[in-house]
Amino acid sequence: MKVRLGYVAIALNLGKVTSSSTVTYSRYLKMNDNERLEKLKEVTYSNLQALEEILKYNINHNIHFYRLTSHLIPLATHPEVMWNYKQYFKKDFEHIGKIIKSSNMRFDCHPDQFNVINSTKESVVKSTLINLNTAVDIFELLDCKDGKMVMHIGGSQGGKEESIKRFIDNFRSFPLRIQERLILENDDKIFTAKDVLRICNEIKIPMVLDIHHHHCKSDNENIGDLIVDIFNTWDSEKLPPKVHFSTPKEFENDRKHADYINPNDFIKFIGLVKSKVDKDFDVMIEAKKKDQALFKLIEDLKMINKGIKFIDDTTFEL
DNA sequence: ACCTGTCAAGTCTGG
DNA sequence: CCAGACTTGACAGGT
């Protein structure tokens with residue numbers, strides 16, 4: 001059984017390099033027409049350069065998967081701006097797309113929490129649709145066919161059952177290009193792993209298990225009973241199942257992420273999975289120290305050993 | 001150089 | 001019905 005490790009969005013080892021620079025709308029309003037377009041292009045260019053640098057860093061460190069920032073293109077979906085970034089950066093996207101493809105890197109994104117598929121407000125669902133379409137546009141510009149969007153179910157207005165029904169109805173009303181790229185994750189407040197599994201089975205899309213969220217909100221469900229079915233939601237996918245792992249900051253079930261990963265908890269979890277299912281899978285490390293936390297975990301795992309055998313920088317077998 | 005408040009976007013709670 | 005919490009990084013403006 002092979003397990004690969006990855007991290008989220010920001011490479012701290014690269015210092016100030018960021019692919020999430022922004023132009024805020026209030027800042028934008030203070031500029032004249034020329035300055036506006038110049039600024040948007042300048043920031044976008046710098047974000048794309050940074051993304052390329054981060055991807056090369058990932059490749060150099062044998063990191064096989066990565067989550068793209070949701071701030072790559074400033075104001076791309078703002079209703080009063082909606083500028084045509086595609087027209088200016090087609091070549092740059094193509095170039096970066098080739099880097100991703102040549103390294104065979106798994107490449108996902110996680111639209112921000114104000115995207116709510118099951119919102120009771122039509123305006124929110126509408127802007128969510130715009131944002132998700134833009135995320136798909138970016139995948140397509142990168143020619144990234146396997147890129148997925150990780151989302152939560154959303155709010156619970158009118159009760160959980162009603163909210164689930166709203167989610168499924170709205171999901172089915174979305175264009176296929178979005179449906180095909182959506183994958184769903186259990187959250188830390190409302191929808192448990194079992195809830196999300198049920199939804200994923202009904203609409204036939206893969207589920208990402210977030211084990212930290214599960215500890216925050218589980219309704220006493222036992223993850224060992226669910227893990228086989230969760231992994232099975234990936235059966236018709238090219239990519240292996242994906243799991244998010246983080247260590248709580250202050251106390252057990254603290255929703256905030258700690259700087260680093262507790263290696264013993266990590267080993268315990270991996271052991272639990274192994275006892276239930278024999279499938280390769282990917283673990284996304286979500287920690288404040290990002291890539292540094294990933295590398296520290298790897299060092300810790302090598303030290304503790306416990307039958308974990310690394311077969312490349314970020315992949316181990318057990 | 002360092003610190004602080006603000007930023008397009010949602011949801012939920014509690015007054 | 002409204003204010004504040006939740007929560008994250010970037011950035012502008014102040015010291």
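Naming convention: chains lettered A, B, ... in sequence-line order (proteins, then strands); numbering from 1 in each chain. Note that these values count all heavy atoms, side chains included, but never hydrogens, waters or copies made by symmetry.
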Looking across every strand, which nucleic acid part, if any, lies under 4.0 Å from [X] by heavy atom: base, sugar-phosphate, or nothing?
| X | result |
| --- | --- |
| Lys189(A) | nothing |
| Asn131(A) | base |
| Thr22(A) | sugar-phosphate |
| Thr128(A) | nothing |

Considering only NZ, NE, NH1 and NH2 on the basic side and carboxylate oxygens on the acidic side, decide whether [X] and [Y] come within less than 4.0 Å.
| X | Y | answer |
| --- | --- | --- |
| Glu94(A) | Lys90(A) | no |
| Lys302(A) | Asp300(A) | no |
| Asp312(A) | Lys2(A) | no |

Could you tell me how far apart [X] ([atom1]) and [N] ([atom2]) are, to the nearest whole angstrom?
| X | N | atom1 | atom2 | value |
| --- | --- | --- | --- | --- |
| Asp112(A) | dT8(C) | CG | C1' | 9 Å |
| Phe114(A) | dC6(C) | CZ | P | 19 Å |
| Lys249(A) | dT7(C) | NZ | C1' | 12 Å |
| Lys16(A) | dA10(C) | NZ | C1' | 12 Å |
| Met151(A) | dG10(B) | CE | C1' | 12 Å |
| Arg67(A) | dT8(C) | CZ | C1' | 13 Å |
| Lys290(A) | dT8(C) | NZ | P | 8 Å |
| His213(A) | dT7(C) | NE2 | P | 10 Å |

Side chain of [X] only, please: which of [options] is the nearest?
| X | options | result |
| --- | --- | --- |
| Lys256(A) | dT7(C), dG10(B), dC11(C) | dT7(C) |
| Thr24(A) | dC7(B), dA9(B), dG10(B) | dC7(B) |
| Thr18(A) | dA10(C), dC6(C), dG10(B) | dA10(C) |
| Thr77(A) | dA9(B), dG9(C), dG10(B) | dA9(B) |
| Arg27(A) | dG13(C), dA9(B), dT7(C) | dG13(C) |
| His78(A) | dT7(C), dG9(C), dA8(B) | dA8(B) |

For nucleotides 3-5 of chain C, give me every protein contact, N/O to N/O, under 3.5 Å, one pair per line with atom names.
none

Check for me: is Tyr25(A) stacked on dA8(B) by the 5.5 Å centroid and 30° plane-angle rule?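 Per 5.5 Å and 30° rule: no stacking.
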Expected list for residues 189-197 of chain A: side-chain donor-acceptor pairs under 3.5 angstrom, two or more places apart:
unit_1	atom_1	unit_2	atom_2	d
Thr192(A)	OG1	Lys194(A)	N	3.4
Thr192(A)	OG1	Asp195(A)	N	3.2
Thr192(A)	OG1	Asp195(A)	OD2	3.1
Thr192(A)	OG1	Glu221(A)	OE1	3.3
Thr192(A)	OG1	Glu221(A)	OE2	2.7
Asp195(A)	OD2	Lys160(A)	NZ	2.8
Asp195(A)	OD2	Thr192(A)	N	2.9

Identify the stems formed by DNA chain B, where each pair is Watson-Crick or G-U wobble with both distances under 3.5 angstrom and a stem is at least 3 consecutive pairs.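 Ordered by first number, the stems with DNA chain B (at least 3 consecutive pairs each) read B:1-7 with C:9-15, B:10-15 with C:1-6.
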Please give the distance between the [atom1] atoms of [N] and [M] as a whole number of Å.
| N | M | atom1 | answer |
| --- | --- | --- | --- |
| dA12(C) | dA8(B) | P | 13 Å |
| dT7(C) | dC7(B) | C1' | 13 Å |
| dC2(B) | dT8(C) | P | 24 Å |

Give a yes/no on whether any side-chain N or O of Thr69(A) is located under 4.0 angstrom from OP1 or OP2 of dG9(C).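 Negative; the distance criterion is not met.
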If you assign each of Lys39(A) and Ile10(A) to its closest nucleotide in DNA chain C, which residue comes earlier from the 5' end? Ile10(A)
Between Phe139(A) and Lys148(A), what is the shortest heavy-atom contact and its length? CZ-O, 3.5 Å
Please give me the minimum heavy-atom distance between Thr233(A) and Cys200(A), naming the atom from each residue.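 Thr233(A) and Cys200(A) have their closest heavy atoms at CG2-CB, 4.3 Å.
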How about His152(A) and His110(A): are their ring centroids closer than 6.0 Å?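 Ring-ring flag for His152(A)/His110(A): true, centres closer than 6.0 Å.
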